[in-house]
Visitor: 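Mind looking over this structure? Questions follow.
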Amino acid sequence: MGVQEKARTIIQPRLLKGFRDSLPASEIPKKAIIATLEALFSSYGFVPIDTPALEYTEVLLGKGGGETDKQIFHFQDNGGREVAMRFDLTVPFARFLALHLNELPLPFKRFHINKVWRGENPQKGRYREFIQCDFDIVGADNAEADYEILSVMDASFAAMGVEGVNFHLAHRGLFSQMLAHLGIGEHNTEILRTVDKLRKIGRDEVKIELTALLASQEKALDILSYIDKEDGDESFLATLERLERLSGGESEHSRRMRSIHGYLASATIADRFILDPSITRGLDYYTGLVYETFLEALPHYGSVCSGGRYNDLAGLYTKQHLPGVGSSIGLDRLMSALEELESPIVRAGSSADVAIIDIRDRFTQCDRAARLLRQAGLAVSVYLGEKKIGAQYKWVEEQTIRYALLSDDEGTFTVKDLVDKRTWTQLSGEDAVTTIKKERI
RNA sequence: GUGGAAGUAGUUCAAAGGUAGAGCACCAGAUUGUGGUUCUGGCUGUUGCGGGUUCGAGUCCCGUCUUCCACCCCA
């Protein structure tokens, strides 16, 4: 009866829809990836910032509009203020810029890695709480800044060891110019939205939708000829020339794209960047270059890194005109995709290099060895339970710790490699250090 | 937010209205002489949750929550 009584008072340990716990097996690689990205951004001179998770609703909603209104988590705080949780890192950054402009060097390069929240219906790789890694350059409107963001994107995926990545580039200004050239500029946003679905629903379906939208199959075909490559292998520059033709000749937009491609080519990374006019990026603040990033093996996962150029980011919050270009990596979606690909990056997750076991009677000796190993730069985890030796080995392997160190009666140590099943006996503390450091390479 | 599918032990999956089960995992003991073998024994569930139909519901019906899929949108 007493037991039943207790059972009834237990609170169900449940999670909110779209929110997840992260166990060591996923948190360790996640932290490793974040550390890699932070080091990479820093190597380009980008500096870290942070902003609050919670802001005034009016600040985050801006002018208000469409989808963000529905997706944003908002409520009244205990003081009756209308507050909202940030749904991306770009809008808070704009507010941040307006507030701190005279404290910042321009051009300003920052990165920001943190959680954001969207009240969207979850699916695989889509959650209500997820981490974004943003990096932006504000205060520079030129091809060099555009190029540098693309360069950081490419270097980021290389640093994470992710292969088979393609960056799809387009230019919003160029697209609008084409529509104006065709005399159908007024349907701009609807056309963008339809074109954006090309990869998902296919050319034929897009043609049907555009025809319905414009009440003209001829114009639909004109637009399709803009976003359709004549052949799959059409080069960046050949595509660019075709876009120039369809949008009425050379322009500042096409010249910008040509310059960016020139820099990418000089850096010998141009082959991973594809000019893909079907990339449009919804209807946000983007005005120039836009891009999305796809994994060759999992195109249906959608973009894992997107962004573009916005020419008046902080316009909602200040009269100062601030051009910028930036990008955002969706870390949780990327990790979800990499897990599906069984990528080694998300598998590597040890809590330590060495575990020390069987220490019940020789704790001091073992702790001395642990301190020695730590001083030598190894991560060491000491077993603190009371189980038998077999269970201790299991504990070590559960955490994918590769080496176990045991203390012998003679005051020496035994090191075991639990992966290759090798054993070294009668080692001094120093020998144990050198053995492990040598073997683990 | 709209529409569809699914939810059984820690896990993978059985049980086609009639006593909720199996493998793996887990726990204890023996053996292994600084583990992984073998043997013996054991635990595990309010069948996601809440109602309803029925003599009887894991199974049928309704609601709800979560996951997955599509739309929408996006990372």
Side-chain angles (χ1 to χ4, degrees), chain A residues 3-4 6-8 10-20 23 65-72 86-90 113-134 153 189 192-194 196-197 199-201 205 209 279-284 286 290-295 298 300-307 326-337 340 355-362 366 383 387-398 404-410 412-416 418-419 421 423-426:
Chain A
V3 174
Q4 280 179 349
K6 265 179 198 157
R8 219 172 286 130
I10 286 175
I11 297 164
Q12 289 304 311
R14 61 207 177 116
L15 289 176
L16 244 24
K17 180 207 275 246
F19 288 74
R20 304 164 302 154
L23 277 76
E67 290 306 319
T68 34
D69 282 28
K70 290 186 216 155
Q71 296 191 353
I72 198 161
R86 61 172 176 230
F87 63 92
D88 69 8
L89 299 177
T90 307
I113 303 177
N114 222 322
K115 284 180 173 175
V116 303
W117 297 270
R118 295 183 192 177
E120 213 183 1
N121 257 1
Q123 274 177 38
K124 201 176 209 49
R126 301 174 65 149
Y127 313 102
R128 289 188 161 184
E129 177 181 68
F130 58 97
I131 294 176
Q132 285 198 323
C133 304
D134 270 35
M153 283 163 60
T189 54
L192 284 174
R193 208 178 342 209
T194 307
D196 196 42
K197 290 194 268 187
R199 205 170 306 89
K200 201 156 198 176
I201 65 176
E205 204 49 44
E209 288 193 23
I279 299 294
T280 62
R281 303 257 62 228
L283 11 132
D284 298 298
Y286 297 111
V290 290
Y291 36 80
E292 296 188 356
T293 307
F294 299 96
L295 300 174
L298 295 172
H300 61 279
Y301 254 81
S303 175
V304 292
C305 174
S306 318
S327 198
S328 181
I329 298 176
L331 203 75
D332 294 275
R333 175 178 291 185
L334 178 63
M335 293 227 353
S336 177
E340 190 166 329
I356 299 191
I357 67 176
D358 192 24
I359 55 158
R360 277 163 292 177
D361 304 325
R362 293 183 276 262
C366 289
Y383 179 79
K387 294 242 175 79
K388 295 202 301 186
I389 191 104
Q392 294 195 37
Y393 276 113
K394 203 167 281 177
W395 177 79
V396 178
E397 286 189 329
E398 259 174 359
L405 181 142
L406 300 89
S407 169
D408 305 318
D409 288 330
E410 300 79 29
T412 56
F413 298 98
T414 295
V415 169
K416 288 192 122 187
L418 301 181
V419 173
K421 321 271 190 243
T423 305
W424 296 267
T425 53
Q426 301 206 307

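Below, chains carry the letters A, B, ... as their sequence lines are ordered, and counting in each starts from 1.
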Visitor: Provide the distance between the two C1' atoms, one in B/rU38 and one in B/rU47, to the nearest whole Å.
Guide: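 One C1' to the other, the span is 35 Å.
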
Visitor: Pull out every protein N or O sitting under 3.5 Å from an N or O of nucleotides 3-12 of chain B, one pair per line with the distance.
Guide:
none

Visitor: For A/K124, give me all partners under side chain to side chain contact (heavy atoms under 4.5 Å, CB included), at least two apart in sequence or on another chain.
Guide: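 Checked A/K124 against side chain to side chain contact (heavy atoms under 4.5 Å, CB included); matches are A/Y301, A/S336, A/E340.
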
Visitor: Mind checking what makes side chain to side chain donor-acceptor pair (under 3.5 Å) contact with A/T425, not counting sequence neighbours?
Guide: none

Visitor: Of the options B/rU34, B/rA75, B/rC69, whose atoms approach the side-chain atoms of A/K124 most closely?
Guide: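 From the listed options, B/rC69 comes nearest.
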
Visitor: Consider the side chain of A/L406, meaning its heavy atoms from C-beta on, and name the nucleotide among B/rG35, B/rU34, B/rC74 that approaches it most closely.
Guide: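 Ranking B/rG35, B/rU34, B/rC74 by closest atom to the A/L406 side chain puts B/rU34 first.
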
Visitor: Tell me, do A/R20 and A/Y127 make a side-chain contact under 4.5 Å, heavy atoms counted?
Guide: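 Result yes, sub-4.5 Å side-chain heavy-atom pair found.
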
Visitor: Under a cut-off of 3.5 Å for both distances of each Watson-Crick or G-U pair, what dot-bracket string does RNA chain B give, using [ ] for crossing pairs and | for inter-strand pairs?
Guide: (((((((..((((....[..)))).(((((.......))))).....(((((..]....))))))))))))....

Visitor: Run the side chain to side chain contact (heavy atoms under 4.5 Å, CB included) test against A/Q123 and tell me which residues pass, sequence neighbours left out.
Guide: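 Once residues adjacent in sequence are excluded, the partners of A/Q123 under the side chain to side chain contact (heavy atoms under 4.5 Å, CB included) criterion are A/R126.
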
Visitor: Taking side chain to side chain donor-acceptor pair (under 3.5 Å) as the definition, give me every residue that meets it alongside A/W117, ordered by chain and number, with sequence neighbours left out.
Guide: A/E129

Visitor: Considering every strand and a 4.0 Å limit on heavy-atom distances, what is the contact class for A/T414: base, sugar-phosphate, or nothing?
Guide: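 Base, at least one base heavy atom under 4.0 Å.
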
Visitor: Applying salt bridge (charged side-chain N to carboxylate O under 4.0 Å, His left out), name anything that partners A/E397, two or more places apart in sequence or on another chain.
Guide: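 By the salt bridge (charged side-chain N to carboxylate O under 4.0 Å, His left out) rule, A/E397 matches no residue at all.
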
Visitor: What is the separation between atom CD1 on A/I113 and atom P on B/rA75, rounded to the nearest whole Å?
Guide: 16 Å

Visitor: If you look at every strand shown and take non-hydrogen atoms under 4.0 Å, does A/L89 touch a base, only sugar-phosphate, or nothing?
Guide: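 Nothing, no nucleic acid heavy atom in range.
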
Visitor: Could you give the CD-to-P distance, from A/E209 to B/rC71, as a whole number of Å?
Guide: 11 Å

Visitor: Which part of the nucleic acid, if any, lies within contact of A/D408, taking any heavy atom under 4.0 Å across all strands shown: a base, the sugar-phosphate backbone alone, or nothing?
Guide: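 Base contact - A/D408 has a heavy atom under 4.0 Å of at least one base atom.
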
Visitor: Going by side chain to side chain donor-acceptor pair (under 3.5 Å), name the residues that satisfy it together with A/S407, two or more places apart in sequence or in a different chain.
Guide: A/R362, A/Q365

Visitor: Could you tell me the separation between the CD1 atom of A/I389 and the P atom of B/rG35, rounded to a whole number of Å?
Guide: 7 Å

Visitor: Starting at atom CD1 of A/I131, determine the distance to atom P of B/rA75, rounded to an integer number of angstrom.
Guide: 16 Å

Visitor: How many Å lie between CZ on A/R86 and C1' on B/rA75, as a whole number?
Guide: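 After rounding, the reported distance stands at 14 Å.
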
Visitor: Can you check the distance between B/rA9 and B/rG58, where both ends of the measurement are the C1' atom (answer in whole Å)?
Guide: 14 Å

Visitor: Taking the P atom in each of B/rG10 and B/rA6, what is the distance between them to the nearest angstrom?
Guide: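 Their P atoms lie roughly 23 Å apart.
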
Visitor: Using the P atoms only, state how far B/rC72 lies from B/rG18, rounded to an integer number of Å.
Guide: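 Here B/rG18 and B/rC72 have their P atoms 44 Å from each other.
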
Visitor: Applying side chain to side chain donor-acceptor pair (under 3.5 Å), name anything that partners A/T293, two or more places apart in sequence or on another chain.
Guide: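 Testing A/T293 for side chain to side chain donor-acceptor pair (under 3.5 Å), a comparison that skips the adjacent residues, returns none.
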
Visitor: Taking B/rU64 as the reference, what is the distance to B/rG7 when you measure between their C1' atoms (whole Å, please)?
Guide: 13 Å

Visitor: Establish, with yes or no, whether the OP1 or OP2 oxygen of B/rC26 is under 4.0 angstrom from a side-chain nitrogen or oxygen of A/K394.
Guide: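 Yes, because at least one side-chain N or O of A/K394 sits under 4.0 Å from OP1 or OP2 of B/rC26.
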
Visitor: Between B/rU67 atom P and A/E120 atom CD, what is the distance in whole Å?
Guide: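 To the nearest whole Å, that distance equals 13 Å.
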
Visitor: Taking atom C1' in both B/rC68 and B/rG48, compute the distance separating them and give it to the nearest angstrom.
Guide: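 To the nearest whole Å, 15 Å.
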
Visitor: Rounded to whole Å, how long is the line connecting atom CG of A/L405 with atom P of B/rG35?
Guide: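 Rounded to whole Å, this separation is 15 Å.
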
Visitor: Can you tell me, in whole Å, how much space there is between the P of B/rC65 and that of B/rA22?
Guide: 35 Å

Visitor: Can you check whether any acceptor in the base of B/rC73 is under 3.5 Å from a donor in the side chain of A/R126, or vice versa?
Guide: yes

Visitor: Rounded to whole Å, please give me the gap between CG in A/D196 and C1' in B/rC72.
Guide: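 Value for this atom pair: 12 Å.
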
Visitor: Among the nucleotides B/rC73, B/rC69, B/rA75, which one has an atom lying closest to any side-chain atom of A/Q71?
Guide: B/rC73

Visitor: Among residues at least two apart in sequence or on other chains, which ones pass salt bridge (charged side-chain N to carboxylate O under 4.0 Å, His left out) with A/D134?
Guide: A/R110

Visitor: Indicate, with a heavy-atom threshold strictly under 4.0 Å, whether A/C305 touches base, sugar-phosphate, or nothing.
Guide: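 Here A/C305 touches the backbone only, sparing every base.
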
Visitor: Below 3.5 Å is the cut-off: list the nitrogen or oxygen pairs between protein and nucleotides 64-66 of chain B, distance only.
Guide:
| unit_1 | atom_1 | unit_2 | atom_2 | d |
| --- | --- | --- | --- | --- |
| B/rU66 | OP1 | A/K17 | N | 3.3 |

Visitor: Residues two or more places apart in sequence or in another chain: which of them pass side chain to side chain contact (heavy atoms under 4.5 Å, CB included) with A/T194?
Guide: A/V206, A/E209, A/L210, A/L213

Visitor: Tell whether A/R118 reaches the base of B/rA75 with its side chain through a donor-acceptor pair below 3.5 angstrom.
Guide: yes

Visitor: I'd like the P distance from B/rC61 over to B/rU2, given in whole Å.
Guide: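 Going atom to atom, P in each nucleotide, I get 22 Å.
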
